[in-house]
Amino acid sequence: MTTLIVGITGGIGSGKSAVTDRFAKLGIVVVDADIVARQVVEPGSEALTAIAEHFGNDVITPQGDLDRAELRKRVFSDESERLWLEQLTHPLIGLSITEQLRAAASPYSILSSPLLLETNQRDMVDTVVVVDVPETLQVERAARRDTNSEGQIRRIMAAQMPRQKRLELADTIIDNSGSLETLDAEVEKLHQQFLEQATKTA
Ligand code: ADP
């Protein structure tokens, strides 16, 4: 188990994946909360069986996967259904994240999550890194990546923590408004810092 766990968060399109890809290339174990959230409802999982029993087979695709769009529709308009789903999945996601971080064999490890600061995932990490870009750039990059409309991106942003609040909760801010080469250098610098920090706390 690593002694230092670094949390990485940021709004949609801020560059979380760009940042964590770089740490992963440096040999650091990255646990991605979005990936874990999909793993806990994989075909054959207890959670998927419970979801199918609760919502009916309409939320399961013919291939046996969770139909996320259908499930989103069901919970979007119904607060109690959303809570039911969260009470089922959140503890499983939390457990799996803890297990994966515990198994991490790198000098320090990373938990990457868009909801790090909104959930108790904050308590799983020792320090918080926020990836930040101005909102116009966030919309531009996210729209280019996802082919979502600017309106859709702005709606997602409105549901996330406001930029200013997120920045206030950061221990470290990565300014990703520059080039990817600038980002390489920034990640390399932080990597050295975390290695040092990990040695001190070991
Ligand atoms: P997030 O994971 O936070 O949603 P991504 O890492 O996927 O964001 O970045 C959003 C998009 O912007 C991606 O297509 C990514 O390749 C691109 N991108 C990220 N950082 C930069 C940068 N510094 N310069 C140019 N493009 C970038």
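Just follow the structure's listing: the first ligand is 1, and inside any ligand the first atom is 1.
- Nearest heavy atoms, Gly27 versus Ser106: O-CB, 3.3 Å.
- Listed by chain and number, Gly11, Ile12, Gly13, Ser14, Gly15, Lys16, Ser17, Ala18, Arg141, Arg145, Asn176, Gly178, Ser179, Leu180 each place a non-hydrogen atom less than 4.0 angstrom from ligand 1.
- The pair Glu70-Lys73 meets the salt-bridge criterion, since a charged nitrogen lies less than 4.0 angstrom from a carboxylate oxygen.
- Residues forming a side-chain hydrogen bond (donor to acceptor under 3.5 Å, both in side chains) with Glu118 (at least two apart in sequence, or on another chain): none.
- Formation of a donor-acceptor pair under 3.5 Å by the Gln160 side chain with backbone atoms of Ile12 is found in this model.
- In this structure, a donor-acceptor pair under 3.5 Å is present between the side chains of Gln121 and Ser113.
- Side-chain N or O atoms of Arg166 include one that pairs as donor or acceptor with a backbone N or O of Met161 at under 3.5 Å.
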